[in-house]
Asks: 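Provided herewith is a single structure, encoded as structure tokens, for subsequent inquiry.
Naming: A, B, ... by sequence-line order, numbering from 1 per chain. Just so it is clear, the model here is predicted, and its values are computed rather than measured.
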There are 2 protein chains.
Amino acid sequence: MFELNRDRGNPVYLQIQAQLERRIASGTLAAGDALPSVRALAKQLRVNPNTVVRAYRELEFSGLVETRHGEGTFVTQDAGEQMQPEVLLAERAAQLVNEAKELGLTKEQALSAVKSAWRKSSKPGKSGKSGKVA
Amino acid sequence: MFELNRDRGNPVYLQIQAQLERRIASGTLAAGDALPSVRALAKQLRVNPNTVVRAYRELEFSGLVETRHGEGTFVTQDAGEQMQPEVLLAERAAQLVNEAKELGLTKEQALSAVKSAWRKSSKPGKSGKSGKVA
DNA sequence: CACACTGTATTAGTTGACTAGTACAGTGTC
DNA sequence: GACACTGTACTAGTCAACTAATACAGTGTG
């Protein structure tokens with residue numbers, strides 16, 4: 001069910017977090033559902049319980065789950081809402097707008113950049129020389 | 001001239017890199033100009049020469065400067081080009097388009113997200129509950 | 001309360017990112 | 001070649017991120 005890379009550079013707890021987020025986004029985990037207990041998931045993934053805890057904490061911080069000591073960890077009511085594609089994209093859009101304004105660009109220029117990027121991403125297109133992998 | 005924070009969490013070499021990028025973007029450092037020597041800048045910043053080297057290497061990797069052993073480090077011909085606001089924004093736009101496609105959204109939805117973000121960023125606007133600081 | 005489950009807290013080991021110290025190597029001028 | 005500059009390579013120390021080991025604490029059922 002879960003798949004983990006134990007390479008350095010992409011921490012296990014982030015992978016767990018991401019996979020749970022995907023399940024919440026897809027509705028596999030719905031509001032009110034219990035997540036696996038930290039011990040159960042840790043055993044399944046052959047990982048320390050604390051690593052699972054770390055993932056759950058991240059999810060809790062972003063409001064997707066809530067934990068009740070002694071009971072378990074549960075998907076919140078508005079988790080599905082937060083994982084709507086439009087909501088997720090809104091974060092990136094905010095970043096882009098932020099940078100555009102810092103650079104002194106107009107709204108039209110920002111929109112134009114997106115259109116252009118959309119075009120380029122449809123065709124493979126040859127890019128100019130190198131670039132950061134980031 | 002240069003200002004450094006020696007806090008953990010934002011490495012000195014990245015700060016040097018960023019400040020040099022700003023000067024290239026603004027034209028203070030033009031194509032063909034020599035950067036300060038690694039020793040000179042290191043002395044001025046009270047930092048190890050290798051830290052400056054690290055910054056120069058990053059700039060070289062992104063094609064903004066080129067180094068000539070024994071001579072110095074120089075701004076490349078197309079550095080100014082690369083630092084055009086439109087070019088910089090294009091990277092973010094590509095990220096946004098990428099995510100939009102992964103989420104299965106349309107071009108119109110992506111554009112709409114940007115417009116909406118622009119609107120929200122103009123007014124202070126009250127946001128909903130918490131959120132990642134990221 | 002005993003028990004079996006749940007999450008929580010404390011402590012410690014490993015590892016890579018970052019910075020520094022110091023020696024090496026190329027360029028140009030005298 | 002000597003000298004004063006330039007970048008380069010190697011080695012080492014410090015620190016925070018990540019993971020684990022293990023003990024602590026709450027919940028619910030018999």
Asks: State, with a plain yes or no, whether a side-chain heavy atom of Leu41(B) is found less than 4.5 Å away from one of Gln44(B).
Replies: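 They are in side-chain contact.
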
Asks: Do Arg39(B) and dG7(D) have a side chain to base donor-acceptor pair shorter than 3.5 Å?
Replies: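 Yes, the side chain and the base share a sub-3.5 Å donor-acceptor pair.
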
Asks: Quickly work out the Asp7(A) CG to dG16(C) C1' distance and round it to whole Å.
Replies: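 Asp7(A) atom CG is separated from dG16(C) atom C1' by 14 Å.
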
Asks: Leu14(B) and Gln17(B): side chain to side chain contact (heavy atoms under 4.5 Å, CB included), yes or no, with the steps?
Replies: CA-CA 5 Å; Leu14(B) 286 182; Gln17(B) 177 188 355; 3.2 Å; yes

Asks: Nearest-Å distance, CZ (Phe74(A)) to P (dT27(D))?
Replies: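 From Phe74(A) CZ to dT27(D) P: 12 Å.
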
Asks: For Glu91(A) and Gln95(A), test the side chains for any donor-to-acceptor distance below 3.5 angstrom and give the result as yes or no.
Replies: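 There is no such pair (donor and acceptor under 3.5 Å, judged by atom type) between the side chains of Glu91(A) and Gln95(A).
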
Asks: To the nearest Å, give me how far apart CD (Glu71(A)) and C1' (dG28(D)) are.
Replies: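 Taking CD of Glu71(A) and C1' of dG28(D), I get 9 Å after rounding.
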
Asks: Rounding to a whole Å, what distance do you find between Gln17(B):CD and dC18(C):P?
Replies: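 Roughly 11 Å, once rounded to whole Å.
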
Asks: So do Tyr56(A) and Leu20(A) actually touch side chain to side chain, heavy atoms under 4.5 Å?
Replies: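 A side-chain contact exists here, since the closest heavy-atom pair is under 4.5 Å.
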
Asks: Rounded to whole angstroms, how far apart are CD on Glu58(A) and P on dA17(D)?
Replies: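 Rounding to the nearest Å, CD of Glu58(A) and P of dA17(D) are 12 Å apart.
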
Asks: Arg8(B) has a side chain; which of dG7(D), dG7(C), dA16(D) sits nearest to it?
Replies: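 Closest nucleotide among those given: dA16(D).
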
Asks: Has Thr73(B) got a side-chain N or O lying under 4.0 Å from the OP1 or OP2 atom of dG7(D)?
Replies: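 Checking dG7(D) against Thr73(B), a side-chain N or O does come within under 4.0 Å of OP1 or OP2.
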
Asks: Ignoring hydrogens and angles, are the base of dG26(C) and the side chain of His69(B) linked by a donor-acceptor pair under 3.5 Å?
Replies: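 When only heavy-atom distances are counted, His69(B) does not reach the base of dG26(C) through any donor-acceptor pair under 3.5 Å.
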
Asks: Taking atom C1' of dC18(C) as reference, at what distance in whole Å does atom CD of Gln15(B) sit?
Replies: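 Gln15(B) atom CD is separated from dC18(C) atom C1' by 12 Å.
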
Asks: With a 4.5 Å heavy-atom cut-off, do Leu4(A) and Val47(A) have their side chains touching?
Replies: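 Of all side-chain heavy-atom pairs linking Val47(A) with Leu4(A), at least one is under 4.5 Å.
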
Asks: Listing time: all N or O pairs from protein to nucleotides 19-22 of chain D that are below 3.5 Å?
Replies:
residue: dT19(D); atom: OP1; partner: Val12(A); partner atom: N; Å: 2.5
residue: dT19(D); atom: O3'; partner: Arg6(A); partner atom: NH2; Å: 3.3
residue: dA20(D); atom: OP1; partner: Arg6(A); partner atom: NH1; Å: 3.4
residue: dA20(D); atom: OP1; partner: Arg6(A); partner atom: NH2; Å: 3.4
residue: dA20(D); atom: OP2; partner: Asn48(A); partner atom: N; Å: 2.7
residue: dA20(D); atom: OP2; partner: Thr51(A); partner atom: OG1; Å: 3.1
residue: dA21(D); atom: N7; partner: Asn48(A); partner atom: ND2; Å: 3.1
residue: dA21(D); atom: N6; partner: Asn50(A); partner atom: ND2; Å: 2.1

Asks: Could you check Gly70(B) against Ala40(A) and say which one's nearest nucleotide on DNA chain C is further toward the 5' end?
Replies: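 Nearest nucleotide further toward 5': that of Ala40(A).
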
Asks: State whether Thr67(B) places a side-chain N or O below 4.0 Å from either non-bridging phosphate oxygen (OP1 or OP2) of dT8(D).
Replies: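 So the side chain of Thr67(B) is within the cut-off, an N or O lying under 4.0 Å from OP1 or OP2 of dT8(D).
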
Asks: Atom CD1 of Ile16(A) and atom C1' of dC18(D): how far apart are they, to the nearest Å?
Replies: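 After rounding, the gap between these two atoms is 12 Å.
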
Asks: Would you kindly give the OH-to-C1' distance between Tyr56(A) and dA9(C), to the nearest whole Å?
Replies: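 That distance rounds to 18 Å.
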
Asks: Hey, are the side chains of Lys101(B) and Ser122(A) touching, using non-hydrogen atoms and a 4.5 Å cut-off?
Replies: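 Sidechains of Ser122(A) and Lys101(B): in contact.
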
Asks: Is the NZ or CZ atom of Arg23(A) positioned over Phe2(A)'s six-membered ring, under 6.0 angstrom from the centre and within 45° of the axis?
Replies: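 Yes - Arg23(A) lies over the ring of Phe2(A), closer than 6.0 Å to its centre and within 45° of its axis.
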
